Amino acid sequence: MVGDESSAAPQIKPEGSGAEGAPASTEHLNIKVTDNNNEVYFRIRKSTQLKKLIDTFCERQGKSRSSVRFLYDGERVNESDTPDALGMQDGDTLEVHQEQIGGC
């Protein structure tokens with residue numbers, strides 16, 4: 001029984017959370033999120049806004065959303081971006097860096 005296909009809302013699931021079935025792999029990507037200390041793997045639909053992934057990562061790591069920034073291939077990721085819009089592939093990595101303000 002595959003319960004993921006009947007769900008209408010996009011879901012973010014850590015890898016190994018029980019998602020099964022090969023047909024879903026065309027709709028989902030496995031994304032690694034790393035802050036150089038921790039690596040967290042997410043399984044996310046290609047059409048899901050990255051806001052859900054960002055919020056989940058920050059909550060699990062105890063970080064404030066405003067204190068970090070997310071980069072993909074050196075470019076800043078917006079919360080409204082989707083993996084599909086960024087051209088992400090299965091196994092790609094999002095980097096998390098401490099937000100820095102100021103300097104001249």
Side-chain angles (χ1 to χ4, degrees):
M1 171 188 269
V2 179
D4 291 341
E5 294 176 348
S6 64
S7 175
Q11 297 179 11
I12 297 175
K13 297 182 178 186
E15 188 173 321
S17 63
E20 55 192 3
S25 66
T26 59
E27 294 180 15
H28 291 88
L29 296 174
N30 293 310
I31 305 294
K32 178 172 74 169
V33 181
T34 181
D35 65 359
N36 292 327
N37 294 324
N38 304 304
E39 290 182 350
V40 181
Y41 293 85
F42 291 93
R43 185 161 190 222
I44 184 172
R45 288 186 184 200
K46 292 180 181 181
S47 59
T48 299
Q49 289 187 351
L50 291 175
K51 179 182 185 330
K52 292 183 177 189
L53 182 143
I54 290 168
D55 291 343
T56 302
F57 179 84
C58 290
E59 181 181 317
R60 289 184 184 172
Q61 299 301 317
K63 298 179 187 261
S64 168
R65 173 61 191 106
S66 61
S67 70
V68 293
R69 61 184 165 156
F70 289 75
L71 301 177
Y72 174 66
D73 283 345
E75 298 292 322
R76 190 168 192 153
V77 172
N78 295 314
E79 291 182 342
S80 61
D81 289 337
T82 63
D84 207 22
L86 294 173
M88 296 180 83
Q89 302 292 320
D90 193 48
D92 280 349
T93 301
L94 283 176
E95 297 175 4
V96 182
H97 296 278
Q98 190 70 31
E99 185 71 66
Q100 297 179 352
I101 300 173
C104 287

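This is a predicted model, so every value here is computed, not measured.
Put simply, the side chain of L86 does not reach to within 4.5 Å of the side chain of D92, judged on heavy atoms. T34 is listed as a side-chain neighbour of T93, based on a closest heavy-atom distance under 4.5 Å.
Separating the CG atom in L50 from the OG1 atom in T82 is a distance of 7.0 Å, to the nearest 0.5 Å. We find the CD1-CD distance between I44 and E27 to be 13.0 Å, quoted to the nearest 0.5 Å. Atoms CD and NZ, on E95 and K32 in that order, are 9.0 Å from each other to the nearest 0.5 Å. With rounding to the nearest 0.5 Å, the separation of OH in Y72 from CG in D81 is 11.5 Å. A distance of 13.0 Å separates CZ in R69 from CD1 in I54, rounded to the nearest 0.5 Å. Atom NE2 of residue H97 and atom CG of residue L71 lie 4.5 Å apart, to the nearest 0.5 angstrom.
For the residue pair P83 and K46, the shortest heavy atom distance occurs at CD-O, 3.3 Å. Annotation for F57 and F70: closest pair CD2-CZ, 3.8 Å, computed over non-hydrogen atoms. In this structure, Q89 and L29 approach most closely via the heavy-atom pair C-CD2, 3.8 Å. Taking every heavy atom of both residues into account, Q49 and S80 meet most closely at CG-O, 3.8 Å.
A salt bridge does not link E99 with K63: none of the charged nitrogens is closer than 4.0 Å to a carboxylate oxygen.
Residues forming a side chain to side chain contact (heavy atoms under 4.5 Å, CB included) with E75 (at least two apart in sequence, or on another chain): none.
Checked by atom type and distance alone, the side chain of D90 pairs as donor or acceptor with a backbone atom of N30 at under 3.5 Å. Although no hydrogens or angles enter the test, the distance criterion places a donor-acceptor pair under 3.5 Å between the side chain of Q98 and the main chain of S67. For D35 (side chain) and N37 (main-chain N/O), a donor-acceptor pair under 3.5 Å exists by modelled atom type.
The environment of CD in E59 is sparse: at most 12 heavy-atom neighbours from other residues, nucleotides or ligands sit within 6.0 Å.
A donor-acceptor pair shorter than 3.5 Å can be found between the side chains of N38 and Q61.
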